[in-house]
Amino acid sequence: MTKKTHIAVTMGDPAGIGPEITLMGLQDKVIAEQVEAVVVGDVNRLEVAKAALVKAGRLSANQVTLRPIADISEAMYQPGVLDVLDQNNVPRDLPWGKVSAEAGAAAFDYVKKSVELAVAKQVDAICTAPINKEAWKLAHVPYPGHTEALAALSGSDKSAMMLVNHGLRVVHVTTHVSLKDAIAMATTNRVFERIQLTVRSLEQFGMKQPRIAVAGINPHAGEGGLFGREDIEQIAPAIEQAKQAGMDVSGPWPPDSIYARAAGGEFDAVIAMYHDQGHIAIKMLGFDTGINVTLGLPILRTSVDHGTAFDIAGKGIAREQSMVQSLQVAIDFLQGKAAGAAQ
């Protein structure tokens with residue numbers, strides 16, 4: 001029998017859909033056969049989420065028992081029982097679907113604890129449910145989001161987000177900045193660092209000589225300078241530098257075609273220049289199946305690629321497909337498959 005993967009799953013913002021998709025995702029039979037999971041969260045909030053799922057007909061009342069534990073060494077991983085590393089940090093009257101400092105502080109606590117477990121090698125990976133950035137700000141969390149917090153808490157000085165969906169992997173050079181700023185930030189050094197980080201991470205996950213395609217920043221990758229010289233002056237030198245370092249990298253490719261080629265298996269990952277260029281390609285392949293992996297950390301972290309969905313939180317109707325895929329990608333990477341694809 002194959003050894004099961006140990007994963008800490010954070011509950012996410014307790015006012016959002018995180019508790020529901022965490023419970024539902026861990027009920028998936030394929031995942032249950034491969035994973036021994038501990039949820040880092042609040043057991044009382046999970047009980048409320050369970051009641052909502054039962055009321056909505058998504059779970060039966062006796063399908064899963066929530067078992068609070070104070071230390072991961074107490075986890076028993078029994079069928080039909082979900083071990084919860086109970087942080088006991090959610091007010092009992094916390095409303096669903098509302099931004100609050102209490103929820104933000106609780107969600108950050110889950111991330112902090114899960115990183116501690118992973119750094120100490122008490123779990124093989126962490127999988128995170130969605131947080132609310134505004135709630136983190138209200139709680140005075142000193143990080144704008146998951147990626148920055150994970151890098152700081154795990155002692156990493158360089159990190160990046162890789163989006164994964166149906167065999168397509170995309171790593172961004174820039175994310176939450178204006179298009180004008182993204183063009184300025186796509187420097188030769190920054191593009192090279194993203195290529196290097198992507199190659200090293202995929203090799204770490206068991207992929208030999210990953211094939212990297214770099215998307216251009218202008219239409220048709222600039223058409224030889226006709227539509228701008230950024231691809232010639234900023235991006236092409238980074239690709240050449242990566243080639244000289246022995247990496248299998250090519251481009252800059254026209255952005256309107258390279259993602260389809262990569263999704264078809266021609267490349268193992270694409271370097272996107274800015275947020276929408278990469279996100280649109282990923283989300284067109286399936287809004288519920290995309291996930292993200294944080295590259296550059298000393299630990300493996302995967303996550304759902306959606307938000308807290310406050311409008312439907314607590315109703316028992318949230319879809320858990322992205323959580324299931326997030327767990328499966330972690331398993332695949334840890335087993336050296338580097339598959340990352342939703343079949």
Side-chain angles (χ1 to χ4, degrees), residues 7-28 31-32 35 37-69 72 75 80-114 117 123 126-136 139 141 146 288 291 301-327:
I7 298 181
V9 184
T10 66
M11 193 179 79
D13 190 297
I17 62 171
E20 296 160 80
I21 63 169
T22 296
L23 284 172
M24 290 302 299
L26 291 171
Q27 300 312 301
D28 184 88
I31 295 299
V35 165
V38 169
V39 177
V40 183
D42 183 282
V43 75
N44 290 321
R45 192 60 170 182
L46 287 165
E47 289 285 7
V48 175
K50 176 185 171 182
L53 291 163
V54 171
K55 183 177 179 180
R58 304 284 305 287
L59 279 178
S60 61
N62 60 355
Q63 187 170 338
V64 59
T65 299
L66 300 173
R67 178 175 174 265
I69 59 176
I72 196 168
V81 178
L82 188 55
D83 294 306
V84 181
L85 194 54
D86 189 16
Q87 304 303 291
N88 192 27
N89 58 0
V90 177
R92 290 185 177 274
D93 59 350
L94 185 77
W96 291 106
K98 302 291 184 183
V99 176
S100 70
E102 292 87 353
F108 180 61
D109 284 347
Y110 309 147
V111 174
K112 224 175 12 174
K113 185 61 180 179
S114 68
L117 294 174
V123 295
I126 64 176
C127 176
T128 57
I131 57 101
N132 183 280
K133 293 181 179 181
E134 186 180 351
W136 274 27
V141 174
H146 264 133
D288 290 326
I291 68 104
R301 177 262 182 163
T302 63
S303 178
V304 298
D305 185 32
H306 59 69
T308 49
F310 279 167
D311 57 325
I312 62 170
K315 298 179 180 179
I317 59 175
R319 294 162 61 89
E320 73 276 10
Q321 282 82 352
S322 187
M323 175 60 78
V324 171
Q325 291 304 319
S326 179
L327 290 161

Just so I know, are the side chains of [X] and [Y] near enough to count as touching, which here means a heavy-atom distance under 4.5 Å?
X: Arg301; Y: His146; answer: yes
X: Asn44; Y: Val90; answer: no
X: Val38; Y: Leu117; answer: no
X: Asn88; Y: Asp42; answer: yes
X: Val324; Y: Ile31; answer: yes
X: Leu26; Y: Leu327; answer: yes
X: Thr10; Y: Ile131; answer: no
X: Phe310; Y: Val99; answer: yes

Please give me the minimum heavy-atom distance between [X] and [Y], naming the atom from each residue.
X: Ala8; Y: Ser114; answer: CB-CB, 4.3 Å
X: Leu66; Y: Pro68; answer: O-CD, 3.6 Å
X: Ala56; Y: Gly316; answer: CB-O, 3.5 Å
X: Ala139; Y: Ala101; answer: CB-O, 3.4 Å
X: Gly307; Y: Pro130; answer: O-CG, 3.3 Å
X: Ser303; Y: Ser326; answer: N-OG, 3.1 Å

In Å, rounded to the nearest 0.5 Å, how long is the span from [atom1] of [X] to [atom2] of [Y]?
X: Lys50; Y: Met24; atom1: NZ; atom2: CE; answer: 12.5 Å
X: Gln87; Y: Lys113; atom1: CD; atom2: NZ; answer: 6.5 Å
X: Leu23; Y: Glu47; atom1: CG; atom2: CD; answer: 8.5 Å
X: Leu46; Y: Met11; atom1: CG; atom2: CE; answer: 5.0 Å
X: Thr308; Y: Asn132; atom1: OG1; atom2: CG; answer: 4.5 Å
X: Ile291; Y: Gln321; atom1: CD1; atom2: CD; answer: 14.5 Å

Whether Lys98 side chain and Leu94 backbone form a donor-acceptor pair below 3.5 Å: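 Not a single qualifying donor-acceptor pair exists.
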Test item: Ser322 side-chain N/O and Asp305 main-chain N/O as donor-acceptor pair under 3.5 Å: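 Indeed, once roles are kept as given, a pair shorter than 3.5 Å links the two residues.
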Charged N-O contact under 4.0 Å between Arg58 and Glu20: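 Result for this pair is no, no salt bridge flagged.
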Pair Arg67-Thr65, side-chain donor/acceptor within less than 3.5 Å: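 Side-chain D/A pair, Arg67 to Thr65: absent.
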Over 12 foreign heavy atoms within 6.0 Å of CD, Glu134: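 Count not over threshold, so no.
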